[in-house]
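The structure appears right after this line, and notes come after that.
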Amino acid sequence: MSLLRVNDLTVKFGDVTVVDGLGFELPKGGSLGIVGESGSGKSMTSLAVMGLLPKGALCTGEISFDGIDLNTLSERRMREIRGDRIAMIFQDPLSSLNPYYTVGTQIAEAYRSHRSGVSRRAARQVAIEAMERVHIKEAGRRVDDYPHQFSGGMRQRVMIAMALSTEPELIIADEPTTALDVTVQAQILDLLAEVRRDTGAALIMITHDLAVVSEVADTVVVMRYGDVVETGSTEQIFSDPRHPYTQALLDAVPRIDDEIGDLRTLGGGS
Amino acid sequence: MTRYLVNRVLGMLLVLFLVALFTYMVFFLLSPDPAVQICGKTCTPERIDQIRANLGLDDPFPVQFLHFLEGLFLGRDYGTGASAVHCSAPCLGYSFQSAQVVTDMIVQRLPVTAVVAIGAAVLWLLAGVIGGLLSAVREGRFTDRFITALTLGGMSVPNYVLALALQYVFVVQLQWLPFPQAVPFADDPGQWFLNFILPWTVLAIGYASSYTRLTRANVIDTLSENFVRTARAKGLRPHLVWRRHALRPALTPIVTIAGMDFAGLLGGALITETVFGINGVGKLAADSITKNDQPVIMAVTLLAAFFVVVGNMVVDLLYSAIDPRVRAGATT
Amino acid sequence: GSTTTGGAATGGAAVKGGTVTVLQTTDFSHLDPARGFDGGVNAFYRLVYRTLVTKAANDAADPNAMVPDLAQGLGEVSADGLTWTYKIKPGVKFDTGAAITSKDVKFGISRAWDPEIGIGAPYLRQLLATPDTYKGPYQSGENPAIETPDDTTVVFKLKAPFPEFDAVLSMPSAVPFPVGTGGGNEFINDIVASGPYDLEAFTPGSTIKLKRNPNWDAATDTERKAYPDGWNFAIGIDGATIDERLIAGQGADVNAMAGSVQTATIARLQTPQLKDRVVKAPSTCLTYVGLNTSKKNISDVRVRQAINLAVDKTTLLNATGGNQFATIASTIIPSNVSGHADYNLYPSTGDTGDVEKAKALLTEAGLPNGFTLTLDIRTRPVAQAQGEAIQQSLKRVGIDVKLNVIDAATYYETIATPSQQNDAAITGWCPDWASSASTFLPPLFDGRQITDKGNQNLAQLNDPAINTEIDRIKALTDLTEANKAWGELDQKIMELAPIVPVNVENRIYLPGSNVAGLVAPQGDQDYAIIGLKDASKG
Amino acid sequence: MSISSTELEAAGAPDNGALVAATDPRRSVWHVLLRDPSAIACLVYIGIVVLMAIFAPLIVKVSGWGPYDFDQTAIDPNLGGIPLGSFGGISADHWLGVEPQSGRDIFARIVYGARASMLIAVGATALTTVLGVVFGLLAGYFGGRTDMVISRLMEFLMAFPALIFMIAVLSALPADNRQYLLVLVISVFGWPYLARIVRAQTMSLKQREFVEAALASGASRTRLVFTEILPNLRSTILVMVTLAVPGYIGTEAGLSFLGVGVVPPTPSWGQMISSSVGWYSVVPTYFLVPGTFLALLVLSFMVLGDRVRSAVDPGGR
Amino acid sequence: MTGELLLRARDLVKQFPVAGTAGLFRPARLFTAVGGVSFDLHAGETLALVGESGSGKSTTARLAARLLDVTSGTVELAGQDVTTRKGKDLAAVRRTVQVVFQDPFSSLNPRHTVERIVTAPLLYQKRDIPGGSREFTRTLLDRVGLNPDWLNRYPAQFSGGQAQRIGIARALAVGPRVLVCDEAVSALDVSVQAQIINLLRDLQAEEGFGCLFIAHDLAVVRQIATSVAVMTAGRVVEAGDRDTVFGDPQHEYTRRLLAAVPRIRPEWEAARRAKAAAR
Ligand SMILES: Nc1ncnc2c1ncn2[C@@H]1O[C@H](COP(=O)(O)OP(=O)(O)OP(=O)(O)O)[C@@H](O)[C@H]1O
Ligand SMILES: Nc1ncnc2c1ncn2[C@@H]1O[C@H](COP(=O)(O)OP(=O)(O)OP(=O)(O)O)[C@@H](O)[C@H]1O
Ligand SMILES: [Mg+2]
Ligand SMILES: [Mg+2]
């Protein structure tokens, strides 16, 4: 049975449809990549799953998580799932962390809100362990630091630690490495892979970087203007793209160890 | 941090010194001769000369200013012989018109002004924050538009107009409230409260309006911050999301602005105290201005400047205490 | 004569006890009688200080009269008029319990010579034969012009005869002080009281509380009744608010009283209950426009007469507050100051000004098209309204009045400095005592008193005939004869038109319904005879 | 840095003229304002007051009474000179009643008072804006020592309790040419508040790459400041100005209320309120008329400022 | 090397004062952003500066373009030492060196029209605009592949890729010999990025300018650069011909950098290409 099944998901802002009848499936422990250029509705999809769409968004369709339809779930019950069984990692780790609280507090907060009767001290211990798990050195000391005292890569680790602290069944990562350097990006991707190995969590990886997706995902969803253009196993998408848009997208990717020449572009000109 | 503090305090002292110098200079140039004031209605030139000499008023400006500074730090005597008046440090001057040490005049009135100011501050902070929150929560709805209209009104009606209007309605017509008087709290807490309601309201209303707007804007801004989304993604209870993640960042700047406004309140107290005849420092300033009692005006000006400068510094320190980003950076 | 109308005196007499509250906008100038010197504070001094001689109580048959207070009788003058002798009553004491001796009288009076203290009434300094080098008791010791042969006798030596010396001793600067006291700023904490009340608490600028002085003996004091047990002066209240409180009369405000009501309030005092409480009292103060005779154009007597004719005194009266608040004046000496003579040299129908005649005079003076005149006014609403009214009425004869607004605080100082004075100024004058015009005409029109600073002769009139006449009248020992002469001099001066008498203000009091004994024949209140009708009320 | 979708849509959309008009930054403010009824109402009221100020002499000719003409027939000398008739003497003769004691026409004084109030407010705003923008630009752009000096100066000026100091200074200065003095004094204490914002904006604009691009293009510093940075401050200045005008109207009225404003007999609204204070319970219209005119004017500017702000910066704040 | 030596940088050092460390009587601590960088740029050549964030790439570029003053070192432009030129003397530098910036929106003044933006360099250098401002703009827009009728639009009305083209058009307006591209494609989507890379390549082929290309994306660099310099912590750790650097990285850091680049499995790529060819 699949962990998450999205069916005919539509998100509208008034008359503007930003996600249009999207559907995909993700098995337990699986990993799904969503790619597409900017504005194609990737983030909206992930937020719809989290039930965190911005005000004014109208969401229809089925989002079935472990047999529960999240779209019709009460806010109360949704809250219990959010952060506990489904965790999310956002693109910009600096703005996604509250500057006023130590990272330890923010990690512990996620844990405590889903585990009743956990003492502060115990939660802090959980936070330190989570930070150790994401390879933050001297976690016991840095747990009391504020986000601005961390580098970009470390902040993203904190975000991951926060997501991991409750041992979720599904992690949604919305462009978790876009703001980072290649070397740091590689570390974070490794870390995510390691974590999934350890906990068996499923992953939705949202990115516009096709190479990243090819390394991380089992299944890929290609989006354009809120529509799914193509869905398939990663191997199929990358070795045998069916849709011209997917093909063009792949052609446009500059390659580090491949032929040099004119990059193929979408529709040319302006 | 220590170096920052030292730099800050030095800078503050410099500003204060310049303010004192400038104020003294302006009043030295503009001031009617205090000797003439002392001399009274029937005065002879000889007597004026005598008074000038006795009080050191014939010294050149720098000397007089030095004496003033000396009084500020060491205290000084005004006059000569048995009629001399000692003014101990920090001596802000001597009012020749009322034959009193200015420091005493101010100290006597400060408690009343403090009551007016603190009460007003509490009122405007409460009203501003609650109104702003309500407005933000109901953004775009009737409540929001209603509160916004109220705040615009609150900022448009000059406070003296408001003071008179409120007094007319609640005191003269309805007789719900007494004509405001500075009843000491110890005498009768109930009366104290009733008497101060109008001054508090009048002083607070402008601030309350702008704080409402500020709170609203800040809260709306903060709610769209990514970290609030993170907090919700963690599955935090809404009240926690609000209290910890939305309110604290939204209200921090308001706390610091409040600090500055509070420090600058003496100016606002002037009109309120004058209109209601509350004998605080503001009224003292207004009265001294009508009487042209320059030493008092100057002292109040200096005092107010002191509050503003110190208030700014306290706010800076406060800010670095509550905002960890500033704390670590310790930059201006 | 007294023209008190209505009154709180009706409907109940004052009884002993209770506390009277006085609501004031401004603080008293000084609690030190050597420094204070104005109507408001003089009334207050009367509660706490006594002098050798004092003005009779307001309810006396002749309220202008001088009566002995600390002294057993009025002064005994020597034949040459230069020596005045007084005997102090037995049993008069300071609040400390110490007896008031001649030394204390001498010390207290001598304080007026201290350059920093003696800013009050100047007459003693002008009259006593004290050397110019004397600088008061703190700096120069004994005042050689005052002798104290024994503890109860005080002898004053004058430079020149002054028949009204009794009145001079009624001034606050003649208050006795225990030898050696009164220096620095001790007045804020305590005063040395000789009157029926003593300072209980004083917060400058906000409250003064008076309690009974146990060492005051009613038997020694014929003028003060001292009915209430205490007085409470509440200071710094807005004028309109005071009136509102008096009208509303809520709670303790039934025991409250205040200075004259605001102009605006008059219209609200028309209900029968309020009308009953109103006390209307003409003052002894003249509002006038001083015409600076040293200035171009105005130096011409015809121009000054033309101005006198052209001014619309009815409009001016309305600007002052209407006929309730003032009475149009045509003479210098107000009607309730002894010496007043009734005449009008510049009449017009309805007192609205005689434009034709004024124009004719101006043409005669060579100014058919008028001229520009700068009028100094104070930054006070009434003065501004008056200035604007003058501006309007002189426009009719082509005189273009420019209003020069001077800050209230520096106004008198400025216009009393001839070098800064403009063409004309609106000001007023109250006599220091109303028993004669000797403090009215001489200070304003004696040409020899023009000084560079502190000049009171705003017209800068220096007419030899008038100067001589002033000297002659001053020397008259018969007060009645002198007053008659002052009245005639008044008219003589007005022929020269150095001023435009505008009006004499009335005081309109609205004492609380429980306040009794408010009579004010010369405009000012006499706290010493005021009390509550029912001491338990409020 | 990701590109927001609106630009992408613009990219995808065919070249159409409508898009050009809608986002032309020069036109958008007017566009938004003219579509907002409350903004129009405010503009109309402000327009009326401005017209009143400009055509005061003409208007007064029509209404029949000048601002300085006494009308003794309109007041009651027996009652302290209160206006005859109800509602403060409102009649066909005196449209808004008369002043007690003098009988001067309140309408005429309101009309002339608009002059004083507007002149001072607009003058002070203009001067403050010039000072604030120039100093703010200099401090923000050049930074370093220039910034240090200007910032200290601003700190120094802002340390003054402006109201107290203004009253004190004004009361001690001679009363002639009060209008100019008022403008000067208000501006001297007012510009730092604008300069502070301009400075901060300039500092952040300076970080924008187009400034560096202009530098790389060979722009001189003055060129850079005035042709590249200044146009980008337009909305800030616009918002500040619409908010400064009501502020200064209030300040002028407040100072006149405290007796250090415009010198009589010249009327200003604040001064009219001030002289009506004693009459507020006897002749309420005397107090209400200028009070209402003043409050409405301030309100209009406030609302307008609000609308301008949201037109300029639709994101809120 | 392809052509004449256009830009020669030797031992460039740049230090910045650290904010907030200045005392009343003490200068601020200094932070060395660039610590002795040297390179040569020839006509027709594209030299790429790569390295992680904060390694000093942009600072080096700014020093080379004389947008910043060096702390020490020399910059020579076509044989002329321009290191210490100031004010008016910089005019020659501005004519020779132009810059394309990273953020397409931030680098265009939102209050200016396209025409004003594109002609600004000529305007600022007080040079005649050949054929008049309008015509000139149209030609330029055409050259960078934009609709020439858009000259009255404002930057906000363009997409990121279009805006970047405007930035390039502006740089081309003065006919520069050296084009500095500071992360000129980093902010763009892959497809748009590809367009811009192609455009730059084409333009360079036409004009023969030398290009200093700054990027952190090694895949992009490989596509466009002729030679590469790898920077870390303000220093160049490895420099050389593109294929040498990519094919046989010598420095440990370079190797790490290359290893970190995510790639699509070669077998998938091969399969895809085969399928595409078949189609
Ligand atoms: N609050 C909102 N109101 C209206 N439209 C919105 C709102 N938020 C997002 N959109 C629109 O929804 C569409 C999809 O946005 P989304 O953020 O999902 O794109 P994305 O694929 O994540 O892009 P990126 O790669 O830039 O993050 C965009 O066209 C965007 O303009
Ligand atoms: N004006 C400046 N003042 C102080 N420090 C600066 C300044 N400009 C750059 N720096 C610092 O110099 C270092 C190098 O900056 P630079 O912008 O050259 O890096 P970069 O390699 O271009 O990085 P990125 O890839 O993030 O653009 C950084 O640590 C930066 O913080
Ligand atoms: Mg997104
Ligand atoms: Mg860079």
Side-chain angles (χ1 to χ4, degrees), chain B residues 11-12 14-16 18-19 22-23 26-27 29-32 139 148-149 151-153 155-162 164-165 167-168 172-173 213 216-218 220-221 224 264 266-268 270-271 274-275 282 285-286 288-290 292 294 297-298 300-301 303-309 312, chain D residues 38 42 151-153 155-174 243 246-247 249-254 257-260 269-270 273-274 276-281 284 287-288 290-292 294-303 305-306 309 315-317:
Chain B
M12 179 187 99
L14 183 72
V15 168
L16 275 180
L18 288 178
V19 168
F22 184 73
T23 314
V26 166
F27 287 120
L29 292 175
L30 296 177
S31 168
E139 191 191 348
T148 306
T151 59
L152 280 169
M155 293 195 297
S156 303
V157 183
N159 54 2
Y160 44 93
V161 174
L162 187 77
L164 294 173
Q167 179 159 309
Y168 183 67
V172 177
Q173 289 299 325
R213 295 162 68 84
R216 175 182 183 275
N218 278 356
I220 289 174
D221 269 4
S224 67
L266 221 48
L270 191 141
I271 288 184
T274 310
V275 175
S288 310
I289 288 166
T290 17
N292 217 350
Q294 299 287 7
I297 307 173
M298 204 176 74
V300 176
T301 309
L303 185 75
F306 176 78
F307 280 138
V308 172
V309 173
N312 271 332
Chain D
S38 56
C42 295
S151 292
R152 285 298 100 79
L153 181 66
E155 217 170 276
F156 169 70
L157 283 173
M158 289 195 289
F160 277 101
L163 185 67
I164 297 181
F165 203 75
M166 281 197 271
I167 301 168
V169 168
L170 284 170
S171 72
L173 287 172
L243 291 177
I249 290 174
T251 309
E252 184 277 325
F257 174 79
L258 291 166
V260 293
W269 293 355
I273 296 172
S274 163
S276 71
V277 165
W279 297 84
Y280 75 94
S281 54
F287 164 77
L288 282 177
T292 310
L294 176 65
L296 277 183
L297 186 63
V298 175
L299 183 68
S300 297
F301 272 108
M302 288 273 195
V303 172
D306 226 39
R309 196 205 304 246
R317 209 165 285 273

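In this structure, the portion of D:I273 lying under 4.5 Å from any heavy atom of chain B is its side chain and not its backbone. The part of B:I271 that comes within reach of chain D is its side chain, from C-beta onward, which places non-hydrogen atoms under 4.5 angstrom from that chain. With a 4.5 angstrom heavy-atom cutoff, D:F301 does not touch chain B via any of its atoms. Of the two parts of B:R213, only the side chain, counted from C-beta on, holds a non-hydrogen atom closer than 4.5 Å to a non-hydrogen atom of chain D. At a 4.5 Å heavy-atom cutoff, the contact between B:L270 and chain D is made by side-chain atoms alone. For D:F257, the part lying under 4.5 angstrom from a heavy atom of chain B is the side chain only.
Counting heavy-atom pairs under 4.5 Å between each of B:V161, B:L16, B:L164 and chain D puts B:L164 at the top. Heavy-atom pairs under 4.5 Å with chain B were tallied for D:P246, D:A253, D:G291, D:P284; the largest tally goes to D:A253. With chain D as the partner, the residue from B:T23, B:T148, B:L14 showing the most heavy-atom pairs under 4.5 Å is B:T23. For the options D:L296, D:V303, D:V298, heavy-atom pairs under 4.5 Å to chain B are most numerous at D:V298.
Here the shortest heavy-atom pairing between D:L299 and B:G153 reads CD1-N, 4.0 Å. For the residue pair B:L266 and B:A304, the shortest heavy atom distance occurs at CD2-CB, 3.7 Å.
Proximity of B:V19 to B:V309: side-chain heavy atoms (C-beta onward) are nowhere separated by under 4.5 Å. D:T251 has its side chain within reach of D:M166: a pair of non-hydrogen atoms, C-beta onward, lies under 4.5 Å apart. A 4.5 Å side-chain heavy-atom check between B:V300 and B:S288 finds every atom pair outside the cut-off.
Within a 6.0 Å sphere centred on OH of B:Y160, heavy atoms belonging to other residues, nucleotides or ligands number more than 12.
Centroid-to-centroid, the aromatic rings of B:F22 and D:F156 come within less than 6.0 Å.
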